[in-house]
Amino acid sequence: MSPQRTVAVLVGSLRKASFSRKVAKALAAVAPDNLHLEIVEIGQLPPYNEDEETAAPPAAWVAFRDQVRGADAVLFVTPEYNRSVPGFLKNAIDVGSRPYGKSVWSGKPGAVVSVSPGALGAFGANHHLRQSLVFLDVPAMQQPEAYIGGAAGLFDEAGTLTNDATRTFPDQVHGRLRRLDRGQSQGLIMQNQATDPAAWPALSYETLKDTCETLQLWTQVVGKVRLAQTPWLNHSWHVPLYVTARGLTTSLVPHPAGAFDLEFDFVDEVLRLRTSNGAAAGTPLEPQRPQASTTA
Ligand SMILES: Cc1cc2nc3c(=O)[nH]c(=O)nc-3n(C[C@H](O)[C@H](O)[C@H](O)COP(=O)(O)O)c2cc1C
């Protein structure tokens with residue numbers, strides 16, 4: 001199994017009913033086993049004042065810096081205040097960046113999710129924040145871009161995501177964050193993989209043994225589903241997988257409720273189901289625990 005990774009989550013809202021916090025919690029709730037998303041509270045941090053950067057700085061600053069330093073990555077989930085991020089989130093960023101030369105942000109992989117009840121999905125906040133991340137040397141995830149608009153209509157009473165399109169989003173984010181497991185923080189910002197020699201490293205069976213075995217089992221499951229759904233005609237027993245820009249896919253599989261295909265998306269590490277009537281779902285590509293038996 002891949003090692004356990006911790007992602008420090010900074011939420012840019014103090015509001016009890018904050019949509020941003022609901023998004024952060026929804027992402028944490030569906031994180032794969034090896035990815036632990038932990039909200040680091042930042043509302044209590046005293047405003048940054050360089051005069052207090054003494055041998056004994058405020059305890060809350062020290063605790064915050066330690067928490068971020070100990071995390072493998074950082075995820076910002078923020079609303080937009082006047083086309084930027086709320087002041088206390090910027091304060092947390094400033095606190096973490098000092099004392100000079102000891103920034104907790106340097107080289108730490110990051111991702112930004114911006115949230116707004118408005119239509120623009122807090123685009124301004126998202127990119128204003130990214131400006132600081134460039135300076136702070138935080139390699140920030142570029143895709144999927146995450147501008148969550150119309151946030152007021154995305155959750156039910158319990159704070160669960162109810163919107164179909166948005167429900168697949170956590171899978172995509174986690175798929176990208178899981179690249180940390182391969183020690184590829186730079187993979188988060190790699191854009192030209194097709195032309196970059198580093199995109200074709202030597203493969204080690206020892207390192208990839210688990211992935212190989214898992215994939216073999218997953219492809220068997222998909223093949224059997226395909227076989228079971230296809231009318232028994234000449235050659236229907238061939239169940240090839242076709243190469244796509246993101247991995248491998250079945251061809252269209254017939255089904256009484258609407259045809260579907262199943263794509264192994266190795267970029268986001270998700271098995272995607274898409275149906276001809278527009279529905280979509282995804283499940284992380286990772287070993288599954290056996291379900292407890294319910295039969296006596
Ligand atoms: C001071 C202030 C400034 C705001 N500016 C913007 C803005 O620039 N763009 C926007 O989409 N929403 C803006 N809003 C509305 C917020 O998006 C909205 O209050 C949102 O629910 C806050 O996020 P939360 O639900 O996570 O607390 C602003 C709200 C406040 C209080």
Side-chain angles (χ1 to χ4, degrees), residues 6-31 35-49 60 63-64 67-68 71 73-97 105 108-136 138 140-174 176-177:
T6 302
V7 179
V9 183
L10 270 60
V11 179
S13 174
L14 301 174
R15 217 164 62 83
K16 281 198 202 77
S18 158
F19 299 123
S20 311
R21 193 167 282 261
K22 283 180 187 162
V23 169
K25 285 184 172 168
L27 283 165
V30 296
L35 209 58
H36 177 59
L37 271 65
E38 192 173 288
I39 295 182
V40 177
E41 299 299 342
I42 53 175
Q44 78 296 354
L45 289 174
Y48 188 74
N49 175 352
F64 171 71
Q67 256 183 301
V68 175
V74 62
L75 170 66
F76 297 90
V77 185
T78 185
E80 181 170 272
Y81 277 12
N82 301 312
R83 297 290 183 257
S84 184
V85 296
F88 75 97
L89 174 57
K90 179 62 165 54
N91 181 53
I93 291 170
D94 295 341
V95 168
S97 71
W105 307 114
K108 193 163 302 282
V112 180
V113 176
S114 58
V115 182
S116 172
L120 298 182
F123 177 89
N126 192 307
H127 283 262
H128 218 190
L129 175 54
R130 283 170 185 271
Q131 188 174 316
S132 294
L133 299 187
V134 170
F135 179 67
L136 293 169
V138 172
M141 183 173 85
Q142 301 191 11
Q143 294 291 335
E145 290 179 285
Y147 314 112
I148 300 190
L154 297 179
F155 300 93
D156 63 16
E157 291 285 306
T160 312
L161 277 173
T162 53
N163 175 286
D164 267 348
T166 314
R167 261 204 301 259
T168 64
F169 167 76
D171 289 339
Q172 296 175 34
V173 172
H174 293 319
R176 283 297 169 118
L177 287 173

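Each ligand, and each atom within it, is numbered from 1 in the order the structure gives. Numbers here simply count residues along the sequence, with the first being 1.
Considering only non-hydrogen protein atoms, atom 27 (O) of ligand 1 sits nearest to S13 OG, 2.6 Å. Taking atom 23 (O) of ligand 1 as the reference point, the nearest protein heavy-atom neighbour is P79 CB, 3.1 Å. Annotation: atom 12 (N) of ligand 1 to nearest protein heavy atom, E80 O, 3.5 Å.
Proximity of atom 19 (O) of ligand 1 to the protein is not indicated, since no non-hydrogen protein atom lies closer than 4.0 angstrom.
Environment of CD in Q44: crowded, with over 12 heavy atoms of neighbouring residues, nucleotides or ligands closer than 6.0 Å.
By the 3.5 Å distance cut-off applied to N or O atoms, V115 is not counted among the residues near ligand 1.
At a threshold of 4.5 Å between non-hydrogen side-chain atoms, the residues W105 and V68 count as touching.
Classified by interplanar angle (parallel below 30°, tilted 30° to 60°, perpendicular above 60°), the ring pair F123/Y147 is tilted.
Note that OG1 of T78 and CD1 of I148 are 12.0 Å apart. Values are rounded to the nearest 0.5 Å. Summarising the geometry, atom CZ belonging to F76 is positioned 13.0 Å from atom OG belonging to S114; distances are rounded to the nearest 0.5 Å.
P79 pairs in a side chain to side chain contact (heavy atoms under 4.5 Å, CB included) with only one of the listed residues (P117, S13, S116, S18), which is S13.
Contact annotation: S116 has at least one heavy atom less than 4.0 Å from an atom of ligand 1. Taking 4.0 Å as the cut-off, N82 counts as a neighbour of ligand 1 on heavy-atom distance.
If you check each of A17, G12, P117, S18 against atom 17 (O) of ligand 1, the one with the closest non-hydrogen atom is P117.
Residues H128 and Y81 bring no donor and acceptor atom of their side chains to less than 3.5 Å of each other.
In summary, the atoms of ligand 1 found under 4.0 Å from a heavy atom of R15, numbered by their order in the structure, are 21 (O), 24 (P), 25 (O), 27 (O).
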